[in-house]
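Below: one structure, written as structure tokens.
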Amino acid sequence: IHTIQFMSLNYNVRSLLVSAVTNYSFAINDRTSLVNLRSLKTLISFKVTNLELIDLQDNLFIQNKNLMVLDLQENALEFLKQESFYNLSNLSFLELSHNYLSVIKGHVFFYLVSLKYLYLFDSDIERLSTQAFNNLHYLVSLDLGYNRLNEINKETFGSLHGLEVI
């Protein structure tokens with residue numbers, strides 16, 4: 001089990017997920033959060049959609065340095081923390097669409113130095129920090145469509161020199 005590279009748990013029932021995947025060293029706790037992915041060190045792609053997750057634990061992916069694709073769309077994530085993405089320096093694709101984020105704080109994606117595709121479509125975002133996308137030098141595609149943004153500071157995209165699609 002420690003050599004799993006691809007895992008998809010889309011559209012699973014929470015109670016089924018808790019009992020079925022604890023053998024894979026992670027589960028959803030009572031706050032609907034993913035916990036303990038540390039034993040899956042070879043994981044390259046991780047997709048968990050439509051499970052009503054509201055929180056990502058600090059250092060959740062600390063042992064998953066090989067992770068390249070992370071799909072958390074169609075959950076209930078309310079906020080993101082910089083520590084949630086710690087050690088994901090190889091991540092190139094991050095899907096966070098259809099969540100309830102409201103604010104993207106500064107440096108939240110700081111550790112995602114290889115990120116090329118970031119999808120935040122329809123996530124109820126009202127405000128972007130001017131440092132929200134700092135350190136994303138390789139980002140080529142950013143989807144912010146169907147959010148609640150009223151104003152965007154021009155400095156918000158200042159460090160995105162390779163951005164081709166927004």
Side-chain angles (χ1 to χ4, degrees), residues 1-14 16-29 31-99 101 104-121 123 129 131-144 159-166:
I1 198 75
H2 298 290
T3 59
I4 288 177
Q5 292 185 340
F6 303 92
M7 184 175 289
S8 177
L9 297 168
N10 302 340
Y11 295 94
N12 280 289
V13 178
R14 243 183 90 213
L16 171 66
L17 186 61
V18 171
S19 62
V21 301
T22 50
N23 292 335
Y24 298 158
S25 297
F26 74 94
I28 295 180
N29 68 15
R31 292 189 58 235
T32 58
S33 301
L34 287 172
V35 293
N36 195 7
L37 291 166
R38 292 189 173 113
S39 65
L40 300 172
K41 295 178 183 178
T42 58
L43 201 60
I44 293 172
S45 177
F46 187 61
K47 297 181 181 188
V48 180
T49 65
N50 206 339
L51 290 177
E52 299 181 14
L53 297 175
I54 60 169
D55 186 32
L56 297 176
Q57 301 293 318
D58 291 353
N59 300 314
L60 175 64
F61 302 103
I62 196 164
Q63 297 295 324
N64 307 108
K65 64 182 179 181
N66 296 317
L67 196 63
M68 297 174 72
V69 174
L70 180 57
D71 187 345
L72 299 169
Q73 69 179 306
E74 296 182 31
N75 279 291
L77 293 172
E78 296 175 349
F79 58 91
L80 301 172
K81 299 175 281 188
Q82 180 178 357
E83 296 80 13
S84 298
F85 302 112
Y86 182 72
N87 206 32
L88 292 180
S89 58
N90 291 312
L91 194 74
S92 62
F93 180 95
L94 179 57
E95 173 64 84
L96 294 166
S97 296
H98 306 287
N99 279 288
L101 298 172
I104 303 296
K105 295 182 179 183
H107 306 289
V108 73
F109 304 115
F110 184 79
Y111 296 112
L112 306 179
V113 295
S114 298
L115 195 65
K116 292 182 180 178
Y117 305 95
L118 176 57
Y119 299 99
L120 296 162
F121 181 85
S123 290
S129 164
Q131 292 90 26
F133 306 115
N134 281 7
N135 215 31
L136 298 182
H137 304 295
Y138 297 103
L139 195 69
V140 294
S141 181
L142 173 62
D143 191 342
L144 290 165
S159 65
L160 302 178
H161 303 294
L163 194 62
E164 297 172 6
V165 179
I166 187 166

Measure the [atom1]-[atom2] distance between [X] and [Y] for me, rounded to the nearest 0.5 Å.
| X | Y | atom1 | atom2 | answer |
| --- | --- | --- | --- | --- |
| Ile44 | Asn90 | CD1 | CG | 10.0 Å |
| Ser89 | Leu115 | OG | CG | 11.5 Å |
| Gln73 | Leu94 | CD | CG | 10.5 Å |
| Lys105 | Lys81 | NZ | NZ | 9.5 Å |
| Leu118 | Leu144 | CG | CG | 7.5 Å |
| Ser159 | His137 | OG | NE2 | 6.0 Å |

Where is the tightest heavy-atom contact between [X] and [Y], given as atom of each residue plus distance?
| X | Y | result |
| --- | --- | --- |
| His98 | Ser123 | N-OG, 3.3 Å |
| Leu112 | Leu91 | CD2-CD2, 3.9 Å |
| Leu72 | Leu77 | CB-CD1, 4.2 Å |

* Start with the C-alpha distance between Val165 and Leu142, add both sets of side-chain angles, then the distance that settles side-chain contact (heavy atoms from CB on, under 4.5 Å), and finish with yes or no. => CA-CA 6 Å; Val165 179; Leu142 173 62; over 6 Å; no
Would a distance-only check, ignoring hydrogens and angles, find a side-chain to backbone donor-acceptor pair under 3.5 Å from [X] to [Y]?
| X | Y | result |
| --- | --- | --- |
| Gln63 | Lys65 | no |
| Asn75 | Leu51 | yes |
| Asp58 | Leu60 | no |

* What's the verdict on side-chain contact (heavy atoms from CB on, under 4.5 Å) for Ile104 and Phe109, showing C-alpha distance, side-chain angles and the deciding distance? -> CA-CA 9 Å; Ile104 303 296; Phe109 304 115; 3.8 Å; yes
* Run the side-chain contact (heavy atoms from CB on, under 4.5 Å) check on Val48 and Leu53 step by step: do they pass? -> CA-CA 9 Å; Val48 180; Leu53 297 175; 3.9 Å; yes
* Dump the intermediate steps for side-chain contact (heavy atoms from CB on, under 4.5 Å) on Val140 and Leu163, then the final yes or no. => CA-CA 4 Å; Val140 294; Leu163 194 62; 5.8 Å; no
* **pair Asn66-Leu43: side-chain heavy atoms closer than 4.5 Å** => no
* **Close side-chain approach of Leu80 and Leu96, heavy atoms under 4.5 Å** => yes
* Run the ring pair (Phe, Tyr, Trp, His ring centres under 6.0 Å) check on Phe93 and Tyr119 step by step: do they pass? -> CA-CA 8 Å; Phe93 180 95; Tyr119 299 99; 5.5 Å; yes
* To do: Would you sort out whether Phe85 and Tyr111 count as a ring pair (Phe, Tyr, Trp, His ring centres under 6.0 Å), showing the intermediate values?
  => CA-CA 6 Å; Phe85 302 112; Tyr111 296 112; 9.4 Å; no
* Asked: Is it true that atom CZ of Phe121 has more than 12 heavy atoms of other residues, nucleotides or ligands lying nearer than 6.0 Å?
  -> yes
